[in-house]
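If you're wondering where the values come from, they're calculated on a predicted model, not measured in any experiment.
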Amino acid sequence: MIGRRRNARNLCAQLLKIVWQDDSGRRRKGVAILEDISPGGACLQLDDPIPPETAISVLFPGGRYYGRVKHCDFQPAGYFIGVQFDPGYRWSKADFVPKHLLELRPRDAGKEEDEDIP
């Protein structure tokens, strides 16, 4: 999926609160580890799965991003979800800088890609 991303992921680590509705319509809250972030989306590590296409809010100090879960994959460390931010919500260091941030440069800088999938 790396070839489908327009922006490089920035590796990071920070605990963030998340909010979503489960299948029964009940509002759920949780804490997730922010694993990486780009202008168009983020990867979060959770203890429990959240189904694809679920609307989710990712709260950061001073604000929040709204988006949709694009995939949810189980790995030995937990569930990893890819969140694509909704239009109008793009990550920027002007809004939020994770406590542990490693900025990566894209391998094909300048090469236009198809879409930005987290």
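A single hydrophobic cluster is seen to contain both Tyr66 and Val69, as judged by linkage of ILVMFWY side chains at heavy-atom distances under 4.5 Å, directly or through other members. Residues Phe80 and Ile18 do not share a hydrophobic cluster, defined by chaining ILVMFWY side chains whose heavy atoms lie under 4.5 Å apart. Cluster annotation: Ile37 and Leu46 are assigned to the same hydrophobic cluster (Ile/Leu/Val/Met/Phe/Trp/Tyr, side-chain heavy-atom contacts under 4.5 Å, transitive).
Among residue pairs with one or both ends in residues 12-57, none qualify as ring-ring contact (aromatic ring centres under 6.0 Å, His included); sequence neighbours excluded. Among residue pairs with one or both ends in residues 48-64, those qualifying as side-chain hydrogen bond (donor to acceptor under 3.5 Å, both in side chains) are Glu53-Lys70; sequence neighbours excluded. Applying the side-chain hydrogen bond (donor to acceptor under 3.5 Å, both in side chains) test to residues at least two apart or on different chains, the pairs with a partner in residues 22-35 are Asp22-Ser24. Note on residues 73-82: no pairs pass salt bridge (charged side-chain N to carboxylate O under 4.0 Å, His left out), not counting sequence neighbours.
Residues meeting the side chain to side chain contact (heavy atoms under 4.5 Å, CB included) test with Asp47, sequence neighbours left out: none. Not a single side chain to side chain donor-acceptor pair (under 3.5 Å) links Ser92 to another residue, sequence neighbours left out. Residues satisfying the side chain to side chain contact (heavy atoms under 4.5 Å, CB included) criterion with Gln21, sequence neighbours excluded, are absent altogether. Every residue two or more places apart in sequence or in another chain that forms a side chain to side chain contact (heavy atoms under 4.5 Å, CB included) with Val31 is listed here: Leu15. Listed by chain and residue number, Tyr65, Phe96 satisfy the ring pair (Phe, Tyr, Trp, His ring centres under 6.0 Å) test with Phe60 (two or more places apart in sequence, or in another chain). Residues meeting the side chain to side chain contact (heavy atoms under 4.5 Å, CB included) test with Tyr79, sequence neighbours left out: Pro49, Cys72, Phe74. Asp95 meets the side chain to side chain donor-acceptor pair (under 3.5 Å) test with no other residue; sequence neighbours excluded. Residues satisfying the side chain to side chain donor-acceptor pair (under 3.5 Å) test with Gln75, not counting sequence neighbours, are none.
Between Tyr89 and Phe85, the closest heavy-atom pair is O-CB, 3.1 Å. When all heavy atoms are compared, the tightest approach of Pro61 to Leu16 is CD-CD2, 4.4 Å. Here the shortest heavy-atom pairing between Trp91 and Ser38 reads CB-O, 3.4 Å. Pro52 approaches His71 most closely through the heavy-atom pair CG-CA, 4.3 Å.
Counting heavy atoms from C-beta on, the side chains of Leu34 and Leu44 come closer than 4.5 Å.
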